[in-house]
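Take a look at the structure set out below.
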Amino acid sequence: MFPSHDPTLFLSGAFQSVIKIYGHYDLLVNNAGIGSTPDYEHLLRINLSAVIEGTLSAMSHMRKDKGGRGGLIVNIASTTGLAPAPFAPVYAASKHGVVGFSRSFGPAVEPLGVKVLCLCPSFANTEIHLGRLKYVEKWETIDRIMEVSEVASAFAKLVDEEVNGSVLGVYHDGAEYQFRRKARL
Ligand SMILES: NC(=O)C1=CN([C@@H]2O[C@H](COP(=O)(O)OP(=O)(O)OC[C@H]3O[C@@H](n4cnc5c(N)ncnc54)[C@H](O)[C@@H]3O)[C@@H](O)[C@H]2O)C=CC1
Ligand SMILES: CC/C=C\C[C@H](O)C(=O)/C=C/C=C/C=C\C=C\[C@@H](O)C/C=C\CCC(=O)O
């Protein structure tokens, strides 16, 4: 676990422990995240900076030109990283950041044997919404709040197909790629 005030400070120690025990990294999933809070810098630190920090640390252990074996990094964003989310603008900004970073970093590190994928779930029934679900269920555009197992299946699809730089949206009616690498700058 990271100290809640600064998730990135703890990362290098955590990475070193894994290397010490297992010798290498095959997969990193940057999943930790928090919902809206008045302290927007804290939110950005956890939802965006820690994802960047984790990705950079994993990459430094995975990169083939520095003795690594290559690997896969999966960043968990959100559909609020794909479309405007007026109910959570700062949260949405953090997730847009994760989408943009993942799409950009994947192609950048492909020559080093590392791939970066991004998963963007819509609303799923987890603790991040504790105390807010009743409110959320009233929103007209939400057809159904997903179960975690639906997000897990989409995660398996993303990792199975392993298209570097891709972004998979997960919706109540199924998973659909939003970006598969090629787009104009
Ligand atoms: N539940 C939803 O509707 C959706 C969630 N997401 C994202 O999925 C990811 C997982 O969230 P959920 O499972 O839904 O919520 P959750 O609240 O159940 O899980 C979040 C996890 O992040 C960890 N975490 C938070 N701050 C941390 C810190 N400073 N250091 C270490 N760990 C920390 C928590 O301990 C917890 O295990 C998050 O990135 C969230 O933004 C994305 C789209 C939809
Ligand atoms: C004021 C409400 C404005 C718009 C509501 C809109 O009509 C609507 O219903 C849209 C819903 C879309 C939801 C899509 C995805 C949600 C994804 C999660 O990542 C959100 C998780 C936690 C953030 C919640 C927060 O308060 O920060």
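Counting convention: from 1, in listed order, for ligands and their atoms alike.
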Item to check | Approximate separation, where rounding is to 0.5 Å, of Ile73 CD1 and Leu117 CG | outcome: 9.5 Å
Checklist entry - To the nearest 0.5 Å, what is the distance between CG (Leu43) and CG (Asn47)? => result 4.5 Å
Next on the checklist: So for ligand 1, is Thr126 a polar contact partner (N or O within less than 3.5 Å, distance only)?
Outcome noted: yes
Checklist entry - For Ala124 and ligand 1, does the shortest N/O to N/O distance drop below 3.5 Å? => result yes
Checklist entry - For ligand 1, which atoms, with element, lie under 4.0 Å from some heavy atom of Ala32? => result 22 (O), 23 (C), 24 (N), 32 (N), 33 (C), 39 (O)
Item to check | Gly33 neighbourhood, listing ligand 1 atoms whose heavy-atom distance to it stays under 4.0 Å | outcome: 20 (C), 22 (O), 25 (C), 38 (C), 39 (O)
Among [options], whose heavy atom sits nearest [atom]?
atom: atom 39 (O) of ligand 1; options: Val29, Asn31, Ile145, Ile76; result: Asn31
atom: atom 7 (C) of ligand 1; options: Ser78, Ala77, Gly81; result: Ala77
atom: atom 26 (N) of ligand 1; options: Ile34, Leu130, Val151, Asn30; result: Ile34

Next on the checklist: Counting only heavy atoms closer than 4.0 Å, does ligand 1 sit against the backbone of Ala50, its side chain, both, or neither?
Outcome noted: neither
Checklist entry - Under 3.5 Å, is there a donor-acceptor pair between the side chain of Asn164 and the main chain of Val116? => result yes
Next on the checklist: Is there a side chain to side chain contact (heavy atoms under 4.5 Å, CB included) between Ser36 and Val90? Walk through the geometry before answering.
Outcome noted: CA-CA 7 Å; Ser36 299; Val90 179; over 6 Å; no
Checklist entry - If you count the non-hydrogen atoms of other residues, nucleotides and ligands that lie under 6.0 Å from OH in Tyr177, is the total more than 12? => result yes
Checklist entry - Phe15 vs Tyr25 aromatic rings, parallel, tilted or perpendicular, using cut-offs 30° and 60°? => result tilted
